[in-house]
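All values below come from the heavy atoms of this structure, side chains included, with hydrogens, waters and symmetry mates left out. In what follows, chains are A, B, ... by sequence order, proteins preceding strands, each numbered from 1.
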2 protein chains.
Amino acid sequence: MQEKEQKRPLRNSKQRAIILEVLKSTKTHPTADWIYEKVRKKIPNISLGTVYRNLSVLKEMGKIMELNCGEKCSRYDGNPENHYHFVCLKCGRVFDVEGIDVNRKIDEEVSEKNGWEVFYHRMEFYGLCGECSKKND
Amino acid sequence: MQEKEQKRPLRNSKQRAIILEVLKSTKTHPTADWIYEKVRKKIPNISLGTVYRNLSVLKEMGKIMELNCGEKCSRYDGNPENHYHFVCLKCGRVFDVEGIDVNRKIDEEVSEKNGWEVFYHRMEFYGLCGECSKKND
DNA sequence: GCAGAAATAATAATAGTTACTAGTTTATTG
DNA sequence: CAATAAACTAGTAACTATTATTATTTCTGC
């Protein structure tokens, strides 16, 4: 239903594979620029535009996720399975939430009570991470 | 805890009052630009910068909420009480979710299981609104 | 009324992202 | 293998939302 049609036949792009590999290799949720810098170590003359374009393609392919947690720039997550995130209001880092399953029943509940067709939801928690919590403000 | 100190003594700004009034008067969740256009009908020579600055002040005052639902631009909500939102993937409109209470217990659960200090969370549902659902894609 | 600070309009600057362009690589098909 | 078409690319320009700056105006308490 929400699955997009495959508009273009995709080739096996070496750059795209490396971008995916870099993103999969980190547990952080990096920005496009961070990914660009990392990938540049493997493909020195890659351009930032290529990184953005391939991140967008990978997202369309359903291999990665794009996050918007209240910052001006997007962050990317190499794990396309729906899960929740935590944003530290002090250091700005984004973490995966562990130990809480995605509540799929709530989508139906929201659908029924509001007359919409709900496909999925996102949840982001905000606060202080362990490290930042220790440092007394 | 998360409450910011009042940095500057605020004056009763006419523009700010009208911006708040405009935002409170709609159930939509408008962008800064939409608000600017509306306010311009009452204060023709107001500048967009003033709108942005006052939205930011109103947010600091806790009178409004800023939303980031996966778009490149922010949307604003005249209701500062935490509540959930629904984004229509077709028309892009943002709605308040009715009939679902904010789950405050989950913040504690996330805190305990991950060792963070969680203050609040946000939840956004995605799908098709009633109108867009009727129109067969 | 006056001093000092807040608020303002207009404008410039910034940052993240996207679009464009001309050239390169790759898969495919005859 | 040669020809062709289309995906892909680096480099760069353009765009857009937002923020900062600046010179000026408006409040507000004394």
Which whole-number value in Å describes the distance from A:Ile46 CD1 to D:dA10 C1'?
-> 10 Å

Listed by chain and number, what are the ring-ring contact (aromatic ring centres under 6.0 Å, His included) partners of A:Tyr36, not counting sequence neighbours?
-> none

Protein-nucleotide distance (A:Arg16, atom CZ; D:dA7, atom P), rounded to Å = 11 Å

Whole-Å distance, A:Lys14 NZ to C:dT25 C1', equals 13 Å

Tell me, which pairs form a salt bridge (charged side-chain N to carboxylate O under 4.0 Å, His left out) where one or both residues lie in residues 67-79 of chain A, sequence neighbours left out?
-> A:Glu71-A:Arg75

Contacts of A:His29 meeting ring-ring contact (aromatic ring centres under 6.0 Å, His included) (sequence neighbours excluded), chain-then-number -> A:His85

Whole-Å gap separating P (D:dT26) and CG (B:Asn45) | 10 Å

Atom NZ of A:Lys59 and atom C1' of C:dT17 are separated, to the nearest Å, by 12 Å

Separation of atom CZ in B:Arg40 from atom P in C:dT8, rounded to whole Å | 16 Å

Is the distance from OP1 or OP2 of D:dC27 to the nearest side-chain N or O of B:Ser13 less than 4.0 Å?
-> no

Distance below 4.0 Å between A:Gln15 side-chain N/O and D:dT9 OP1 or OP2 | yes

Residues in ring-ring contact (aromatic ring centres under 6.0 Å, His included) contact with A:Tyr76, at least two apart in sequence or another chain | none

Quick one: do B:Val97 and B:Leu67 end up in the same hydrophobic cluster if we chain Ile, Leu, Val, Met, Phe, Trp and Tyr together by side-chain heavy atoms under 4.5 Å apart?
-> no

Name all residues meeting the side-chain contact (heavy atoms from CB on, under 4.5 Å) criterion together with B:Thr50; count only those two or more places apart in sequence or in a different chain, and write none if there are none.
-> B:Gln15, B:Ile46, B:Ser47, B:Arg53, B:Asn54

When the distance from CZ of A:Arg11 to P of D:dT9 is rounded to whole Å, what number comes out?
-> 9 Å

CE/A:Met65 to CG/A:Leu23 distance, rounded to the nearest 0.5 angstrom?
-> 10.5 Å

Polar atoms only, N or O, under 3.5 Å: list the protein pairs with nucleotides 15-19 of chain D and their distances.
from, atom 1, to, atom 2, distance (Å)
D:dT18, OP1, B:Ser74, N, 2.8
D:dT18, OP1, B:Ser74, OG, 3.4
D:dT18, OP2, B:Tyr52, OH, 2.3
D:dT18, O5', B:Tyr52, OH, 3.3

Hits for side-chain contact (heavy atoms from CB on, under 4.5 Å) against A:Glu37, two or more places apart or cross-chain, chain-then-number order -> A:Arg40

A:Ile35 CD1 to C:dG16 P, in whole Å, measures 14 Å

Interface with DNA chain D, restricted to residues 17-25 of chain A and to heavy atoms under 4.0 Å | none

Listed by chain and number, what are the ring-ring contact (aromatic ring centres under 6.0 Å, His included) partners of B:Phe95, not counting sequence neighbours?
-> A:Trp116

So, is B:Thr50 near the phosphate of C:dA9, with a side-chain N or O under 4.0 Å from OP1 or OP2?
-> yes

Rounded (10°) bend between the five-pair end axes of the helix from C:dG1-D:dC30 to C:dG30-D:dC1 = 30°

Pairs meeting criterion salt bridge (charged side-chain N to carboxylate O under 4.0 Å, His left out) with involvement of residues 100-112 of chain A, two or more places apart = A:Glu109-A:Lys113

Is B:Lys59 salt-bridged to B:Glu66, cutoff N-O under 4.0 Å?
-> yes

A:Arg53 side-chain N/O to D:dT9 phosphate OP1/OP2 under 4.0 Å = yes

Closer than 4.0 Å, any side-chain N/O of B:Asn54 to the OP1 or OP2 of C:dT8?
-> yes

Which residues pass the side-chain contact (heavy atoms from CB on, under 4.5 Å) test with A:Glu98, sequence neighbours left out?
-> A:Lys27, A:Asp96, B:Asn114

